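Below is one structure, written out as structure tokens, with a few remarks after it.
FYI, side chains are in, hydrogens and waters are out, and symmetry mates aren't considered; it's all heavy atoms of this structure. Keep in mind the model is a prediction, meaning the values are calculated, not measured. Residue numbering restarts at 1 for every chain, and letters A, B, ... go by the order of the sequence lines.
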2 protein chains.
Amino acid sequence: MRPVSWNSVLPMQTDRSAAPPTCRDLFGRFAADVLPADLPERTRWRLCELAQPVGAAAGNALSGECADSRLVHVATGAARLVAHVSQGRDQVLSFHFAGDVVLVPARAAHGYTLCALGACEGLAFKADPLFELVRADAALAHALLLRTRRALARSREKTIALGRMTAQERLASFLVGMAERIGVPGAGGCMLDLPMSRRDIADSLGLTIETISRQLGELRAAGLLATSGRSVVRLIDMPALEARAGHLAAPC
Amino acid sequence: MRPVSWNSVLPMQTDRSAAPPTCRDLFGRFAADVLPADLPERTRWRLCELAQPVGAAAGNALSGECADSRLVHVATGAARLVAHVSQGRDQVLSFHFAGDVVLVPARAAHGYTLCALGACEGLAFKADPLFELVRADAALAHALLLRTRRALARSREKTIALGRMTAQERLASFLVGMAERIGVPGAGGCMLDLPMSRRDIADSLGLTIETISRQLGELRAAGLLATSGRSVVRLIDMPALEARAGHLAAPC
DNA sequence: CGCAAATTTGACCAACCTCAACAAAGGTGG
DNA sequence: CCACCTTTGTTGAGGTTGGTCAAATTTGCG
């Protein structure tokens, strides 16, 4: 039972050199993930000009607090979008994995940072010129609109969790959500290798690390899941977890 | 689902006032608020075909729990988007006023309802055919993307409030936000005429009506605001309110 | 003016936070 | 490969914020 190490796979190795991936590599991934197939060459070129490769090691900012808002495509690794409320009070707004696109707001009523969980790299675009470009291409606009709608839906789910759920419901809801995104179904339950720490989970669910730990313990005691090491969780009874997550039963 | 013609009249119950707005009126408002000026006539026509007038009196559903998600343009009045967690546990996701556009999700892990606060009317579009249309028009897509980005930003602010703020900070933050949207600046402070009840505010901030009442009392005692009747609030000291809302000071 | 609904207030309670000590994990260097 | 050590996570005791229940009060409509 040796947990798979995230970091062993991640170190950025393009091909021959030890150099970080070229903008070209990253742009290829970005294009494959989000750009429509029939995007005009001219627009593609403009996008490539706007793209800035970003990368960071565990815990560091991919795209720090910034005067203008940005859109970041995560190519490898995982990241968290954090809002800084005040000294020692952070709120994780969302987690992101390879293939995701994140809108990182400019500093406003609060500061925002996109932080790497483990090594992470991607492409950043300044929002203003990007959305100016988008204005001219319906397919691109449609693609970004779809992503933004999905982000909105996730954000609303989080609002529901933080506003009206108990600690246990929030954690169950978090685990079910992660299972959908990065879970590996297998015999005896869905395997999760969580790239984020207890603190990240706590800051995401509006709780403390102690509460996360205790609630995990309760779910373990109830036989709904098993843990192994820091990051591996096996979800044994998904239906029961979904029930505790306060999910509606099948529509009437 | 009934086809709608240019001349059809709003299917609303009573109209003591002379002229209830026709679908034409509503579409005109919608077009003025969100459609780009140079939208092709053909697209405009298709949109008009998709539009369904909706309206409700205080407390009633404008667009109830539904099998498919919808986009609603609020023409007059105000509304709240509510998620139903379980019997007696509701979470208000957002408030909307005349001119706003709301994405009402289909029933999924939770049920969603768009409810009128006071009399409210608008136009609803089924999301799927609408976003199919959007695919062909960059300007329209751009307009909706902008609205969706704004909704995402608001949703994130709410996440921050619910996750990491105290009751008083949440209320201050709510009041500051409402002041920006529907406040009327005047001598001696910004006047707010809140269309929502204490319960709505509580369900929006993840608190109870009692806590809202108590915190309002504290802010009143601190001289930051004055209340008059159920719905009128005068924000006397905005800077102090913003400070209590946990807003960052001016950028460094 | 009368009344039902909304709001305010008070007393008490519990979920979750805080603080502190302890245990496990997993990386490092011998 | 193992001992060490730092970081991360777990567990326990006690405090606080905000929830719950109940009653008094206000509001604004008819």
Here the ring pair (Phe, Tyr, Trp, His ring centres under 6.0 Å) pairs for residues 73-109 of chain B, sequence neighbours left out, are B/F30-B/H73
Going by the side-chain contact (heavy atoms from CB on, under 4.5 Å) test, name the single residue among A/V184, A/V232, A/L175 that passes it with A/L192. A/L175
Scan residues 194-205 of chain B against DNA chain C and write down, sorted by residue number, each residue with any heavy atom closer than 4.0 Å; if none is found, say none. B/S197, B/R198
Does the A/Q52 side chain pair with the main chain of A/L123, one donor and one acceptor, at a distance under 3.5 Å? no
With the threshold set at 4.0 Å, does a side-chain nitrogen-carboxylate oxygen contact exist between A/R154 and A/D100? no
Donor-acceptor pair, side chain of A/R234 and main chain of A/G188, under 3.5 angstrom: yes
Take B/L219 and B/L241 through the test side-chain contact (heavy atoms from CB on, under 4.5 Å) and record every step on the way to the result. CA-CA 9 Å; B/L219 292 176; B/L241 272 172; 4.2 Å; yes
Is B/E169 paired with A/R89 through a side-chain N to carboxylate O contact shorter than 4.0 Å? yes
Spacing of B/I212 atom CD1 relative to D/dT20 atom C1', expressed in whole Å: 16 Å
By a strict heavy-atom criterion of less than 4.0 Å, which residues belonging to residues 155-163 of chain B are in contact with DNA chain D? none
Identified side-chain hydrogen bond (donor to acceptor under 3.5 Å, both in side chains) partner of B/R80 from the options B/D200, B/D203, B/D90: B/D200
Degree of bending, the helix from C/dC1-D/dG30 to C/dG30-D/dC1 (end axes from five pairs; round to 10°): 50°
Closest contact, heavy atoms only, A/A83 versus B/I160: CB-CD1, 3.4 Å
Do any N or O atoms from the side chain of A/R164 and from the backbone of B/S86 form a donor-acceptor pair under 3.5 angstrom? no
Please encode protein proximity along nucleotides 23-30 of chain D as a string of B, S and -, counting only heavy-atom distances under 4.0 Å. ---BBS--
Exercise: do A/T227 and A/R220 side chains pair donor with acceptor under 3.5 Å: yes
Side chain of A/K158, backbone of B/R156: donor and acceptor closer than 3.5 Å? no
Check the pair B/L103 / B/S69 against side-chain contact (heavy atoms from CB on, under 4.5 Å), numbers first and verdict last. CA-CA 7 Å; B/L103 279 164; B/S69 90; 5.5 Å; no
Do B/R230 side-chain atoms and B/L194 backbone N/O form a donor-acceptor pair below 3.5 Å? no
Over all heavy atoms of both residues, which pair between A/A161 and A/R170 is shortest? Give the atoms and the distance, please. O-NE, 3.3 Å
Which letter, B, S or -, goes with each nucleotide of nucleotides 10-18 of chain C from 5' to 3', with contact meaning a protein heavy atom under 4.0 Å? BB----SSB
Would you mind reading off the distance between A/I209 atom CD1 and C/dA23 atom P, rounded to a whole angstrom? 17 Å
